[in-house]
Participant: 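This structure is in structure tokens; I'll ask about it shortly.
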Amino acid sequence: MDQTSAAIIGQEHWAHKRDVELFLWEKRAALQPNLGTLVFVHGSSMASTPGFDFQMPGKPDASMMDWFARRGFDTWCLDMEGYGRSSKHRDINCDVANGADDLEAAIDYIVRTRGTEKFLFYGSSSGALRAALYAQRHPQRVARLVLSAFVW
């Protein structure tokens, strides 16, 4: 099958961290083998879908999620607490540790839903910090870790 013409299936999911609802977005290609589960972790500037699933007419590769899904990966992104469609009701600083907790809740959900044991992670900016802290806490869940625009 031509990778650029593979039909992409998108599905929303919801994970929970105590009373916090976390929005997850999954995309995968129909009729493609699963080469792994790739989780995109956003930074502090915006929610996950504008950065990782940007849609532009006539530009099928504008979406990182679509690009990887067409090549056989099950792709996921999540909105951390305080961002996008996830809960915003708590008066807290949504810091790196809180983001790693959000990632833990999301990964636990994906494990229960898809049976995945190990994950590929791509974290950008402060999402790189969140992904790195999650990897430090749960190395048994990490197959690969990519940190982009790593902040100090």
Side-chain angles (χ1 to χ4, degrees), residues 1-44 46-55 60-88 90 94 96-150:
M1 172 181 278
D2 176 18
Q3 292 176 339
T4 59
S5 65
I8 303 295
I9 301 164
Q11 183 178 357
E12 75 175 53
H13 300 265
W14 293 90
H16 295 87
K17 180 184 71 175
R18 297 175 298 282
D19 66 335
V20 173
E21 290 188 327
L22 299 168
F23 172 73
L24 287 82
W25 180 237
E26 176 190 21
K27 293 187 99 174
R28 62 189 186 282
L31 307 175
Q32 288 282 20
N34 184 347
L35 298 178
T37 300
L38 174 56
V39 178
F40 293 97
V41 186
H42 72 80
S44 60
M46 69 176 109
S48 61
T49 53
F52 301 121
D53 194 25
F54 183 74
Q55 299 294 315
D61 288 340
S63 165
M64 289 177 69
M65 292 183 77
D66 288 354
W67 193 91
F68 280 97
R70 279 191 200 94
R71 285 150 180 85
F73 293 90
D74 185 12
T75 64
W76 294 73
C77 64
L78 72 138
D79 290 343
M80 299 293 170
E81 179 180 3
Y83 292 86
R85 296 177 59 190
S86 291
S87 294
K88 300 173 188 68
R90 296 194 314 157
C94 294
V96 171
N98 190 70
D101 294 343
D102 294 348
L103 194 51
E104 180 177 358
I107 296 302
D108 288 349
Y109 173 85
I110 298 169
V111 168
R112 287 190 311 274
T113 303
R114 296 284 181 252
T116 306
E117 293 295 323
K118 285 193 172 268
F119 296 81
L120 309 163
F121 292 92
Y122 175 87
S124 179
S125 192
S126 64
L129 296 175
R130 294 169 175 148
L133 181 56
Y134 175 84
Q136 181 180 357
R137 291 177 178 175
H138 304 281
Q140 75 282 4
R141 291 278 183 223
V142 181
R144 296 280 187 270
L145 175 65
V146 175
L147 307 175
S148 172
F150 201 70

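All residue numbers refer to positions in the sequence shown, counting from 1.
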Participant: Could you report the tightest heavy-atom contact between A131 and G123, atom names first, then the distance?
Facilitator: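 Here A131 and G123 meet closest at CB-CA, 4.3 Å.
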Participant: How long is the span from the CZ atom in F150 to the OG atom in S124, to the nearest 0.5 Å?
Facilitator: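 If I round to the nearest 0.5 Å, the distance is 11.5 Å.
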Participant: Are any of the side-chain heavy atoms of M64 and D66 separated by less than 4.5 Å?
Facilitator: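 A side-chain contact under 4.5 Å is absent here.
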Participant: Just wondering, do L38 and M65 contact through their side chains at under 4.5 Å, heavy atoms?
Facilitator: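 M65 does not reach L38 side chain to side chain.
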Participant: If you take all heavy atoms of V41 and G127, which pair is closest and at what distance?
Facilitator: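 Minimum heavy-atom separation between V41 and G127: CG1-O, 3.4 Å.
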Participant: Please find the pair of heavy atoms, one from A106 and one from A15, that lie closest to each other, and give the distance.
Facilitator: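 Nearest pair, atom of A106 first, then A15: CA-CB, 4.2 Å.
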Participant: Run the side-chain donor-acceptor check on residues 7-14: report pairs under 3.5 Å with partners two or more places apart or on a different chain.
Facilitator:
residue : atom : partner : partner atom : Å
Q11     : OE1  : R114    : NH2          : 3.4
E12     : OE1  : R85     : NH1          : 3.2
E12     : OE1  : R85     : NH2          : 3.1
E12     : OE2  : W14     : NE1          : 3.1
E12     : OE2  : R85     : NH2          : 3.4
H13     : ND1  : Y109    : OH           : 2.8
H13     : NE2  : E26     : OE1          : 2.8

Participant: What's the shortest heavy-atom distance between G51 and M46, and which atoms?
Facilitator: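 Where G51 meets M46 most closely, the heavy atoms are N-SD, 3.9 Å.
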Participant: Are the side chains of F119 and I110 in touch, meaning some heavy atoms are under 4.5 Å apart?
Facilitator: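 In contact.
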Participant: Mark yes or no: R70 above the aromatic ring of W67, with NZ or CZ under 6.0 Å from the six-membered ring centre and no more than 45 degrees from the axis.
Facilitator: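 Ring-cation test returns no.
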Participant: Could you give all pairs that pass the salt bridge (charged side-chain N to carboxylate O under 4.0 Å, His left out) test and reach residues 123-148, with sequence neighbours left out?
Facilitator: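 Qualifying pairs, neighbours excluded: D101-R137, E117-R141.
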Participant: Less than 4.5 Å apart, any side-chain heavy atom of L103 and any of V39?
Facilitator: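 They are in side-chain contact.
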Participant: State, with a plain yes or no, whether a side-chain heavy atom of R71 is found less than 4.5 Å away from one of L35.
Facilitator: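 Result no, sub-4.5 Å side-chain heavy-atom pair not found.
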Participant: Would you please classify the geometry between the F23 ring and the W25 ring as parallel, tilted or perpendicular, with 30° and 60° separating the classes?
Facilitator: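 Ring orientation of W25 relative to F23: parallel.
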Participant: Please give me the minimum heavy-atom distance between S48 and D79, naming the atom from each residue.
Facilitator: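 Nearest heavy atoms, S48 then D79: OG-OD1, 2.7 Å.
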Participant: Please report the interatomic distance OG1(T113) to CG(D108), rounded to the nearest 0.5 Å.
Facilitator: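 Interatomic distance, T113 OG1 to D108 CG, rounded to 0.5 Å: 10.5 Å.
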Participant: Nearest 0.5 Å please: distance from the OG1 atom of T37 over to the CZ atom of R28.
Facilitator: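 One gets 10.0 Å once the value is rounded to the nearest 0.5 Å.
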Participant: I want to check something: taking the side chain as every heavy atom from C-beta on, are K88 and E81 in contact at a cut-off of under 4.5 Å?
Facilitator: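 A side-chain contact under 4.5 Å is absent here.
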Participant: Any donor-acceptor pair under 3.5 Å linking the side chain of K27 with the backbone of W76?
Facilitator: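 A pair under 3.5 Å: no.
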Participant: Using only atom types and a distance under 3.5 Å, with no angle test, would you say the side chain of D53 pairs donor to acceptor with the backbone of S63?
Facilitator: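 Not a single qualifying donor-acceptor pair exists.
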Participant: Mind checking what makes side chain to side chain donor-acceptor pair (under 3.5 Å) contact with S148, not counting sequence neighbours?
Facilitator: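 With sequence neighbours excluded, S148 shows a side chain to side chain donor-acceptor pair (under 3.5 Å) to Y122, given in chain and number order.
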Participant: Which pair of heavy atoms, one from L133 and one from A97, lies closest together, and at what distance?
Facilitator: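 Residues L133 and A97, closest heavy atoms: CD2-CA, 3.7 Å.
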Participant: What distance do F54 atom CZ and D61 atom CG have between them, rounded to the nearest 0.5 Å?
Facilitator: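 Taking CZ in F54 and CG in D61, the distance rounds to 13.5 Å.
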Participant: With a 4.5 Å heavy-atom cut-off, do C77 and T49 have their side chains touching?
Facilitator: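 They are in contact (side-chain heavy atoms under 4.5 Å apart), so the answer is yes.
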Participant: So, taking the atom named CG in L78 and the one named CG in L22, what distance separates them when rounded to the nearest 0.5 Å?
Facilitator: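 Those atoms lie 6.5 Å apart.
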Participant: Under the criterion side chain to side chain contact (heavy atoms under 4.5 Å, CB included), I'd like the reasoning laid out for Y83 against S44: C-alpha separation, chi angles, the key distance, then a yes or no.
Facilitator: CA-CA 9 Å; Y83 292 86; S44 60; 3.4 Å; yes
Participant: Hey, are the side chains of M80 and N98 touching, using non-hydrogen atoms and a 4.5 Å cut-off?
Facilitator: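 No. Closest side-chain heavy atoms not under 4.5 Å.
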